Amino acid sequence: MDQQSIDIDIQISLVTERLSDLLAQQVFVHPILRHEVRWAASDLHEYLRRFRDSAHKHKMDQLVSQFELRVLQDCFLVEEIIDTLLLKRAMLKRTQKGLMRCLIRLSSVWNRNLLMGEMKNVRLSFITFWNKSLEELNLVSHIDEEPSNERTSYNNSSLETSEVADDIGHEKGEEALAGEMLRFDELGCGLRIIQVVGIASSGQTTLVNTIYNREDVKKHFQVRAWVRVSARNSVGDILIDIWKQVMRMEEAKVESEQDTYDLRKDLTTLLESNRYLIVMEDVWSTHFWDELKLAFPDTKVGSRILVTTSDDEVVECGSLWNDQGVDAIQLNRLNGEDIWALFLKNMRWDEDRFSNLESLAYFKDKVLRKCDGSPLAVTKLCGLLSTKDFDYHELLTLIDDQASSGDDQEHQSSFFYSLTSSYQDLPPRIRPCYLYMGLFPKAFEIPIRRLFRLWIAEGLVKPDLRSSDKTPEDLAEDYFKELVSRNLIEVTRRKSDGRPRTCRIPGIVYDVFSAKAMDLGLFFVHRYWDYTPVTPPKFNVRRLAEYFAMKYYPSSDVYNQHILSYISFNTRRRDTPSHEVGIFLDKLTAKRGFGLLRVLDLEGVYKPRLPESLGKLLQLRYLGLRWTFLDSLTNSVGGLVYLETLDVKHTNITTLSTSIWKAKNLRHLYMNEVHFDVSIQKRPTGSLANLQTLWGLSIKNTSLVVNWLSKLVGLRKLGLTCHSTTVQAIADWISKLTNLQSLKLRSIDEFGQPSNLKFANMTMHHKLTDLYLLGVLPKLAADEVLQFPPNLKILTLSGSQLGEDSIRILGKLPQLNILRLFGQSYSGAKIVCRCGDFPELVVLKLWMLEELKEWKVEKGAMTRLKELEIRCCGNLEHVEGLEHLTTLKDLTLTNMPPDIVLNVKASMDEALSLTVNEWKF
């Protein structure tokens with residue numbers, strides 16, 4: 001299976017797994033509707049696997065791409081029908097009671113039946129296409145409407161990288177595995193679990209399929225079943241799949257009304273009287289085994305459970321599978337002769353092609369060195385060389401250049417080959433996230449914050465809550481780190497603490513992967529010069545990226561009526577409000593009365609007109625309005641019950657309606673000194689229990705908001721401005737937020753000046769690493785360092801008015817990397833950094849400390865400091881001990897007295913980088 005087919009499989013799986021989730025959640029009750037959804041969720045993919053198998057056997061692989069395209073189109077179509085149905089339900093729930101509600105309910109039943117009819121038409125049309133496609137393969141008989149559960153010998157791992165190893169090099173592994181399967185001596189009569197372990201593309205599925213379909217294995221086991229362990233499969237799903245295969249029941253007769261316990265019990269009863277073989281393909285986690293293993297009885301008749309995995313954790317946790325552990329067969333890299341045999345087979349060459357033994361030996365050595373035992377590397381190399389005539393010297397040059405098998409092969413560098421190889425080796429769950437980045441303009445610096453939130457809103461990052469306590473945000477960060485480690489994306493800017501701020505796809509591969517994503521229907525990019533009405537896209541437009549004015553986009557066309565995401569990069573004019581966005585959104589909602597949008601990202605678009613129809617985007621999960629300079633936001637946003645991210649930072653919005661508190665799925669709320677419009681008539685209702693980010697909230701003299709805030713206990717990032725009357729209640733609340741990772745707390749008076757700030761004990765805030773405090777802090781006692789977060793890495797103080805003893809206290813923070821002392825944060829005349837102070841400090845900034853006259857650094861203080869900036873400390877007269885800062889690399893002096901500049905220059909090392917600024921404010 002080539003890489004294009006693998007990517008298509010991943011796109012199909014994103015849809016089918018979502019449908020399976022909806023089925024598991026009992027979203028669909030009507031039996032006919034459940035049947036239609038189940039068909040799309042499970043059988044479409046099976047049809048594709050069967051067709052690939054048949055085409056491969058008949059040597060007609062050229063027909064596969066057309067079939068793949070049809071399956072992907074139908075998957076998208078089914079998802080659009082389901083989204084429409086779900087949104088109509090949501091509208092019904094919002095409708096007032098009475099006669100109107102009754103009428104709408106009747107209309108809803110009619111709509112449901114209509115949509116079920118559409119689903120049925122999709123299925124019947126596909127069956128017709130299926131039979132026609134089989135006729136093209138010259139098959140004698142048609143397959144029944146429901147595909148059989150019998151596995152074939154062709155690789156059918158839809159989400160794994162192409163199984164290219166064939167049978168070459170695994171003969172010994174096959175015989176060893178077959179021997180363990182058929183063994184029936186004293187050790188072999190019990191239930192045994194065998195792992196087949198290897199990296200992606202090492203031939204695991206090929207080997208196991210060969211064993212599974214051997215005649216002696218079929219005769220030995222009375223019952224066989226093969227299940228693929230998807231990340232979103234529940235234990236019940238796996239049990240149902242096994243049950244269907246061992247009972248050979250039709251899909252329509254197998255329902256999931258039984259609970260897991262009953263399913264497990266019934267399956268156990270059936271297996272107890274048979275010698276069984278269960279294959280679990282592509283096991284990625286052991287979390288489900290504790291429940292699942294109870295279904296597999298050990299009746300001492302030689303039953304086997306065969307597991308394929310590439311996951312190191314699964315291999316290491318073998319003892320979790322049973323008390324005796326597991327037997328493992330490791331598929332290693334192929335030896336030189338096997339690699340050469342696989343190369344000749346894929347190229348359809350024989351050694352007689354070479355003019356003499358010397359040239360043969362030299363060419364063979366080049367191939368073996370390049371492939372290094374990897375079947376996947378053989379496939380890539382053959383894909384490249386097979387497009388060329390047999391020119392000995394030209395082929396050697398191509399091998400040396402490590403060129404890619406993609407477009408413009410002659411011009412691809414070894415770096416490009418390395419990156420595309422990294423992509424092909426990516427875990428399947430990460431590939432769509434990477435391709436999604438192609439909708440951003442070339443060389444565009446993507447904010448990490450924006451990227452993570454979009455991935456999650458688009459449904460590309462979905463953790464399995466049964467196997468891990470990681471949130472979607474944690475998982476998105478893991479994906480990002482994986483992409484960086486493979487050099488598939490580059491970090492273009494970092495924060496002061498070294499964390500990535502922005503990233504982008506390297507330009508050398510952007511064009512290829514962006515085009516690839518569009519070819520898969522992942523998104524469509526609107527450029528005014530490349531739209532031709534006579535050439536509609538292959539798929540309905542699902543995600544639309546706008547680079548130029550929507551004025552030129554045919555939003556009324558039929559294939560634009562199912563847009564799920566709209567992201568605009570049209571930021572060219574910053575002086576004229578954008579009215580086209582509102583017109584476009586009105587068109588999306590005009591026909592049905594609602595829109596299917598999940599993502600509306602207008603970051604950087606100048607004052608877009610947001611219509612009242614915004615409240616009709618009932619599926620909206622992401623609303624990005626950062627840097628739009630909007631003056632207000634419609635109250636209908638509060639009705640968006642699925643909204644996860646609302647970003648109004650860097651706008652002119654100062655007030656938000658408390659209707660936003662009804663958005664119960666909200667996870668991230670970014671603002672800029674915004675206060676909630678609270679009055680007696682608008683008493684807060686609802687609770688944002690899932691909120692993780694609350695940034696830029698301003699609390700005036702009101703207890704209503706404070707009382708509401710006390711219900712938020714899961715916050716990770718908090719940015720808050722409060723007043724003297726609420727500061728104590730806020731401090732008490734913050735002391736309970738032990739999940740905080742970042743806190744920015746400001747206390748100001750009615751004139752906007754720093755006022756008293758209460759400092760709560762934070763010794764239990766182990767996750768808090770970034771702390772910003774603006775306000776007058778109470779005098780710190782000698783032992784008060786113990787009240788700081790124990791893992792604090794970044795500390796920013798402003799208006800704190802700390803005394804001289806406070807610096808010594810801060811110097812004892814064990815993990816502090818960055819310290820910023822801004823205006824009025826320090827009121828003493830002298831700072832002394834003693835030996836042992838600030839052991840981990842890397843960055844120090846001293847800004848506008850008007851009282852400071854002397855700064856002394858003793859030997860042994862700040863032994864890791866690399867960056868120092870002193871700004872606008874106009875009364876500083878003496879700096880001593882800079883020569884002790886042996887690790888210092890960069891020193892910046894901004895608007896400092898000339899004597900201090902000369903003093904510093906005289907004491908600094910020649911290797912130190914000194915920057916002197918004179919700014920006028």
Side-chain angles (χ1 to χ4, degrees), residues 1-24 36-56 61 63-83 119 122-123 125-127 129-130 133 146-147 152 154-163 200 205 227-233 237 241 251 281-282 284 423-424 426-436 458-462 516-524 537-543 562 564:
M1 189 160 51
D2 60 23
Q3 292 299 321
Q4 181 75 1
S5 296
I6 294 171
D7 285 320
I8 287 176
D9 268 354
I10 294 171
Q11 293 301 311
I12 293 172
S13 294
L14 287 174
V15 178
T16 57
E17 288 176 3
R18 181 186 175 218
L19 297 179
S20 297
D21 287 345
L22 293 173
L23 285 170
E36 298 295 349
V37 176
R38 193 184 297 278
W39 173 84
S42 59
D43 285 2
L44 268 176
H45 222 159
E46 185 64 22
Y47 279 119
L48 179 55
R49 291 172 178 170
R50 295 290 302 277
F51 187 82
R52 284 174 177 155
D53 179 29
S54 299
H56 181 71
D61 295 291
L63 298 178
V64 171
S65 59
Q66 179 184 0
F67 196 89
E68 290 174 335
L69 178 64
R70 174 58 184 266
V71 173
L72 187 56
Q73 287 173 332
D74 282 359
C75 273
F76 288 162
L77 182 56
V78 167
E79 186 177 33
E80 290 161 6
I81 295 172
I82 294 300
D83 282 339
M119 292 276 289
V122 172
R123 176 168 54 86
S125 175
F126 179 84
I127 298 301
F129 175 75
W130 162 259
S133 299
E146 301 297 337
T152 64
Y154 181 65
N155 168 45
N156 43 41
S157 176
S158 65
L159 291 183
E160 187 168 290
T161 307
S162 178
E163 291 283 351
T205 305
V227 292
R228 193 173 198 288
V229 184
S230 166
R232 292 181 177 85
N233 277 3
D237 294 331
D241 198 357
E251 168 80 7
E281 178 193 359
D282 196 24
W284 58 277
Y423 169 78
Q424 292 163 358
L426 274 176
R429 62 188 179 275
I430 303 181
R431 283 193 181 192
C433 293
Y434 183 64
L435 293 178
Y436 181 83
E458 297 280 14
L460 303 178
V461 176
K462 295 183 69 175
K516 181 184 185 70
M518 283 193 284
D519 193 51
L520 291 170
L522 194 62
F523 56 78
F524 179 79
K538 291 187 296 185
F539 306 96
N540 287 336
V541 177
R542 296 161 56 79
R543 298 179 180 94
H562 300 89
L564 302 177

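If you're wondering where the values come from, they're calculated on a predicted model, not measured in any experiment.
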Can you tell me how far [atom2] of [Y] sits from [atom1] of [X], rounded to the nearest 0.5 angstrom?
X    : Y    : atom1 : atom2 : answer
L69  : D74  : CG    : CG    : 9.5 Å
M518 : L435 : CE    : CG    : 11.5 Å
H45  : C75  : NE2   : SG    : 7.5 Å
L460 : L522 : CG    : CG    : 7.0 Å
L48  : D43  : CG    : CG    : 12.5 Å

Is there a side-chain contact between [X] and [Y] (heavy atoms, below 4.5 Å)?
X    : Y    : value
V71  : I8   : no
S133 : L63  : no
L564 : D83  : yes
F76  : N540 : no
R49  : D9   : no
K462 : R429 : no
I82  : L22  : yes

Quiz item: Which of these, R18, R542, R543, sits in a salt bridge (Lys or Arg N to Asp or Glu O under 4.0 Å) with E458?
Solution: R543
For [X] and [Y], work out which heavy atoms get closest and say how close.
X    : Y   : answer
T16  : A41 : CB-O, 3.3 Å
R52  : S5  : NH2-O, 3.3 Å
F539 : L72 : CZ-CD2, 3.6 Å
L19  : A40 : CD1-CB, 3.9 Å

Quiz prompt | side chain to side chain donor-acceptor pair (under 3.5 Å) against S125, all qualifying residues, sequence neighbours excluded | solution = R70
Exercise. Is it possible for you to check whether R431 lies under 6.0 Å from the centre of the six-membered ring of Y423, through NZ or CZ, and within 45° of that ring's axis?
Key: yes
Self-check item: Counterpart residues, side-chain contact (heavy atoms from CB on, under 4.5 Å), relative to L77 (two or more places apart)
Solution: E80, I81, V122
Exercise. Please list, chain by chain and in numerical order, all residues satisfying ring-ring contact (aromatic ring centres under 6.0 Å, His included) with F67, sequence neighbours excluded.
Key: F51, F126, F129, W130
